[in-house]
Participant: 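Following this message is one structure expressed as structure tokens.
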Amino acid sequence: MKYLLSFVFVCFVFIKPVFAQNKTEYNTNEIVRSVYNQGLKHTELDFYAGTLMLHGISEFSLLPGNDDLQKDVIKKFIKFGNGEIKAKGSLFTYEAGGSGAAFVAYKGLTNSLNEQVAKAAVKLMKDQKRSPEGLITANFTTDDKIFIDIAFTVTPYLLYTGLKEGNQAYIDMAVTETLGLFKILKDNKTGLLHQARGFNGKGSISEDNWSRGNGWGAFALAILARDLPESHPKHKEVVALAQQFFSATLKYQNKEGLWHQEMTDKSSYVETSGSGLILYGLGIMLEKKLLDEKYMYNFKLGLQGYTSYIGTDGSVSHTCFSCLAPNKGTKNDYKLRPWVFNDHHSFGPAVLAFSQALKMGITTITPLNRMGVYSIVDSPKTVRTYMKFDRGSDVAWENDRIAYRLYGPSVRTKVSNGIDVWTKKVEYPIIDNWYKLNAEGKDYHTDRGEGCDFYHMGKLRGCGAIAVWVDNKPYASETFDTYRFIKNQTDGIAVQLNYQTWNVPGMKLEEKKIIEMGMGTNLFKVTSTIKSDQNQEIIIAVGITTYGKPEIVKNQKKATLATWENTSPEHGSIGSAVLVNPKDFAGYASYGGDEYVLVKVKTNTPFVYYTGVGWDQSKYFKLKKDWFKYVEKEAKKVDFKDQTSIYK
């Protein structure tokens with residue numbers, strides 16, 4: 001979230017960039033709307049992070065002028081009830097659309113949600129798994145496993161359903177859940193929360209003070225402090241706990257008004273999802289006059305600092321990737337958890353924090369630095385790795401040397417699983433700019449000084465896609481079916497692609513492919529797992545597409561395949577390469593315009609290979625010998641170990 005330094009909001013138009021430039025203030029209402037609109041592009045509503053965002057926009061929709069959003073969010077919640085949206089996750093509240101659906105029903109905005117909200121509440125109380133203490137927990141847990149994330153989905157849902165139906169048992173359970181989780185997971189030294197118990201041995205408590213974990217607690221506790229009736233016998237206890245907890249969080253707020261991934265360690269990165277949830281809760285405490293008014297400074301400072309991580313298109317940076325007691329649950333394990341640009345957890349907390357600001361009459365925000373100063377979107381000349389999903393079909397990624405993309409199901413009739421190449425002359429990211437040209441009807445196949453897309457693969461393998469080799473013939477999957485961004489940082493990207501549409505004679509197969517790429521290389525790493533009902537050895541063909549007259553260099557000892565050929569007088573020459581593990585090497589083959597390296601693979605077991613392209617109009621490969629030497633050099637240092645466990 002990063003952009004401009006001076007600025008007064010007069011009007012707001014939904015084009016890129018969303019925010020006008022050269023003003024000192026930003027309209028809070030438009031920050032919320034732009035983040036929400038961006039969130040709809042990156043967040044699956046059937047996932048719990050999507051339900052959090054819907055809760056945020058539900059609260060926002062109560063403010064004047066938001067009738068359009070209120071009608072839209074009700075329609076989205078109805079889709080959970082009628083089965084159009086099939087919720088994922090291990091708590092029954094998701095089936096109704098999460099806490100936002102219960103909130104909307106409680107507020108009486110519609111009667112259309114009453115049945116689905118009530119039904120999920122009954123299942124939650126009756127059928128949801130319980131901890132040894134009787135606290136509601138996720139159905140996948142065993143023994144005494146419990147974690148603070150559960151509070152975000154259980155407490156508000158039962159509170160609002162109980163208030164709606166006059167069901168005291170629901171209200172009491174909402175209170176019991178939050179007080180119980182805080183009792184188990186509270187760090188008595190810091191006053192903050194640990195995330196989890198039981199994930200590294202029975203009775204073990206994770207050592208962290210993780211930002212989003214504390215954010216989940218902040219969300220549940222603040223809602224309880226705000227909306228639990230004062231007549232409830234535990235009301236004073238709830239308020240006292242909330243006052244203690246939010247006072248504790250303020251001790252670890254940094255100079256930007258935000259919190260770090262490991263809250264007690266400011267050498268860890270600023271983490272935006274936890275920061276947003278804590279700010280939301282802090283705002284509630286101030287609005288209800290449950291904290292001293294002097295802390296309004298801390299709340300406003302946090303909003304000002306938050307804008308540094310919000311791009312002018314509503315994108316959100318520095319959000320921790322999915323996280324539950326990683327490794328041994330130490331502080332360092334949490335510190336090492338990567339942040340992601342536009343992660344699905346990014347948007348709900350920002351919507352909640354700035355919506356809460358509007359409720360308190362804060363209609364404009366003056367950035368502490370400038371809007372989007374840390375955003376990829378607003379730093380286009382920064383040399384870095386970058387990845388995005390665009391056009392409703394493409395996953396594209398790049399580093400300082402070259403760019404690649406893969407296609408999804410919406411263009412399945414035109415392409416297959418091949419990996420496309422965008423050649424670059426510049427070190428800074430070009431993906432956003434080229435997609436923008438495409439959206440404007442301008443041709444990114446034309447070199448305007450940055451390079452261009454002239455790579456043509458059609459239904460072939462492109463740069464390093466795979467096929468199953470059966471009876472001297474390749475059988476490739478269709479385009480990817482689903483994707484998940486794992487890492488999108490300045491020094492590296494990682495993305496998971498799932499291929500579920502694959503016709504191979506006599507076999508039913510799927511592929512999970514994880515692609516990783518860092519800086520200073522033309523190659524990217526692929527860790528592929530061919531999934532099958534049976535464990536068996538098969539031959540996989542890793543292909544590169546050629547254009548008629550390639551010069552081919554094969555090295556059986558190193559298990560490499562490299563090509564070089566002139567594509568046209570206009571676009572020059574490109575080199576392609578595949579590097580596989582020599583112990584799995586099974587030969588070479590050619591078929592229909594693709595050159596293949598054959599690899600022995602066991603189904604359900606990951607295997608690793610590297611692939612990439614070089615261009616003679618970049619500064620790295622002027623001659624074919626430069627490319628072949630590069631491939632030879634890379635073959636000596638690539639690592640064929642599967643190291644994807646950190647992404648599970």
Side-chain angles (χ1 to χ4, degrees), residues 48 51-63 66 70 73-74 76-78 80-81 91-128 134-136 150-182 216-243 277 280-281 283-285 287-290 348 352 355-356 359:
Y48 69 84
T51 67
L52 176 71
M53 185 174 71
L54 291 179
H55 183 119
I57 211 66
S58 298
E59 293 203 14
F60 178 68
S61 76
L62 296 179
L63 296 169
N66 292 330
Q70 189 171 116
V73 78
I74 289 171
K76 286 181 169 59
F77 284 134
I78 289 172
F80 285 87
L91 281 101
F92 293 115
T93 57
Y94 302 142
E95 294 180 3
S99 59
F103 175 80
V104 168
Y106 161 64
K107 288 293 183 181
L109 304 182
T110 179
N111 292 322
S112 302
L113 302 178
N114 293 348
E115 183 179 350
Q116 70 192 58
V117 168
K119 187 185 296 184
V122 170
K123 292 173 73 174
L124 184 73
M125 292 289 284
K126 182 181 177 182
D127 300 327
Q128 190 71 43
L135 300 180
I136 293 172
I150 300 298
F152 118 83
T153 187
V154 170
T155 296
Y157 195 95
L158 287 179
L159 175 65
Y160 292 129
T161 309
L163 292 172
K164 170 75 175 178
E165 298 181 2
N167 189 322
Q168 192 62 40
Y170 289 0
I171 297 171
D172 290 346
M173 189 63 215
V175 174
T176 297
E177 184 78 11
T178 299
L179 294 180
L181 286 169
F182 269 76
W216 294 134
F219 178 82
L221 184 58
I223 283 176
L224 207 56
R226 180 183 69 187
D227 294 326
L228 182 68
E230 291 186 13
S231 59
H232 194 279
K234 294 289 183 76
H235 180 267
K236 289 184 179 179
E237 184 179 350
V238 167
V239 169
L241 177 61
Q243 289 170 329
L277 290 167
Y280 166 72
I284 287 175
M285 296 295 288
E287 182 188 26
K288 297 294 289 185
K289 301 189 185 316
L290 299 176
L352 284 160
S355 296
Q356 180 60 34
K359 291 182 199 173

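Bear in mind the structure is a predicted one, so any value in this text is a computation, not a measurement.
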Participant: To check you understand the geometry: which heavy-atom pair defines the closest contact between Gly180 and Leu135, and what is its length?
Facilitator: C-CD1, 3.7 Å
Participant: Provide the closest heavy-atom pair for Ser58 versus Gly100 in the form atom of the first, atom of the second, distance.
Facilitator: OG-O, 4.1 Å
Participant: Side-chain contact test, heavy atoms from C-beta onward, threshold under 4.5 Å: evaluate it for Thr51 versus Thr93 and give yes or no.
Facilitator: no
Participant: Does Tyr48 reach the side chain of Thr153, with side-chain heavy atoms less than 4.5 Å apart?
Facilitator: no
Participant: Give me each pair satisfying ring pair (Phe, Tyr, Trp, His ring centres under 6.0 Å) with a member in residues 107-127, each pair once, sequence neighbours excluded.
Facilitator: none
Participant: Treating Glu177 as the side-chain partner and Thr155 as the backbone partner, does any N or O pair qualify as donor plus acceptor under 3.5 Å?
Facilitator: no
Participant: Indicate yes or no for a side-chain donor-acceptor contact from Thr176 to the backbone of Met173 under 3.5 Å, with no hydrogens or angles considered.
Facilitator: no
Participant: Atom CG in Leu241, atom CG in Leu224: separation rounded to 0.5 Å?
Facilitator: 9.5 Å
Participant: I need the minimum non-hydrogen distance between Ala220 and Phe152, along with the two atoms involved.
Facilitator: CB-N, 4.3 Å
Participant: Using only atom types and a distance under 3.5 Å, with no angle test, would you say the side chain of Gln116 pairs donor to acceptor with the backbone of Phe77?
Facilitator: yes
Participant: Lys123: which residues meet the salt bridge (charged side-chain N to carboxylate O under 4.0 Å, His left out) condition with it, sequence neighbours left out?
Facilitator: Glu95
Participant: Taking all atoms of both residues into account, what is the closest heavy-atom pair of Gly281 and Ala222, and its distance?
Facilitator: CA-CB, 3.5 Å
Participant: Which side-chain N or O atoms in residues 156-165 pair as donor and acceptor under 3.5 Å with protein atoms at least two apart or in another chain?
Facilitator:
unit_1 : atom_1 : unit_2 : atom_2 : d
Tyr157 : OH     : Val117 : O      : 2.7
Tyr160 : OH     : Arg226 : NH2    : 3.0
Tyr160 : OH     : Asp227 : OD2    : 2.6
Thr161 : OG1    : Tyr157 : O      : 2.7
Lys164 : NZ     : Ala105 : O      : 3.3

Participant: Please list all pairs passing the side-chain hydrogen bond (donor to acceptor under 3.5 Å, both in side chains) test where one or both residues lie in residues 98-107, with sequence neighbours left out.
Facilitator: His55-Ser99
Participant: Rounded to the nearest 0.5 Å, what separates atom CD1 in Ile74 from atom OG in Ser61?
Facilitator: 7.0 Å
Participant: With Gln128, which residues qualify under side-chain contact (heavy atoms from CB on, under 4.5 Å), at least two apart?
Facilitator: Leu91, Phe92, Leu124, Ile136, Asn139
Participant: In Å, rounded to the nearest 0.5 Å, how long is the span from OG1 of Thr178 to CH2 of Trp216?
Facilitator: 14.0 Å
Participant: Heavy-atom count around Lys288 NZ within 6.0 Å, excluding the residue itself: above 12?
Facilitator: no
Participant: How long is the span from the OH atom in Tyr280 to the CD1 atom in Ile284, to the nearest 0.5 Å?
Facilitator: 3.5 Å
Participant: How long is the span from the CG atom in Leu352 to the CD atom in Glu59, to the nearest 0.5 Å?
Facilitator: 6.0 Å
Participant: What distance separates Lys359 NZ from Phe60 CZ, expressed to the nearest 0.5 Å?
Facilitator: 11.0 Å
Participant: Quick check: closest heavy atoms across Ala225 and Ala242, and the distance to 0.1 Å?
Facilitator: CB-CB, 4.2 Å
Participant: Would you mind writing out the side-chain donor-acceptor pairs for residues 228-240 within the sub-3.5 Å range, not counting sequence neighbours?
Facilitator:
unit_1 : atom_1 : unit_2 : atom_2 : d
His232 : ND1    : Lys234 : N      : 3.0
His232 : NE2    : Asp172 : OD1    : 2.7

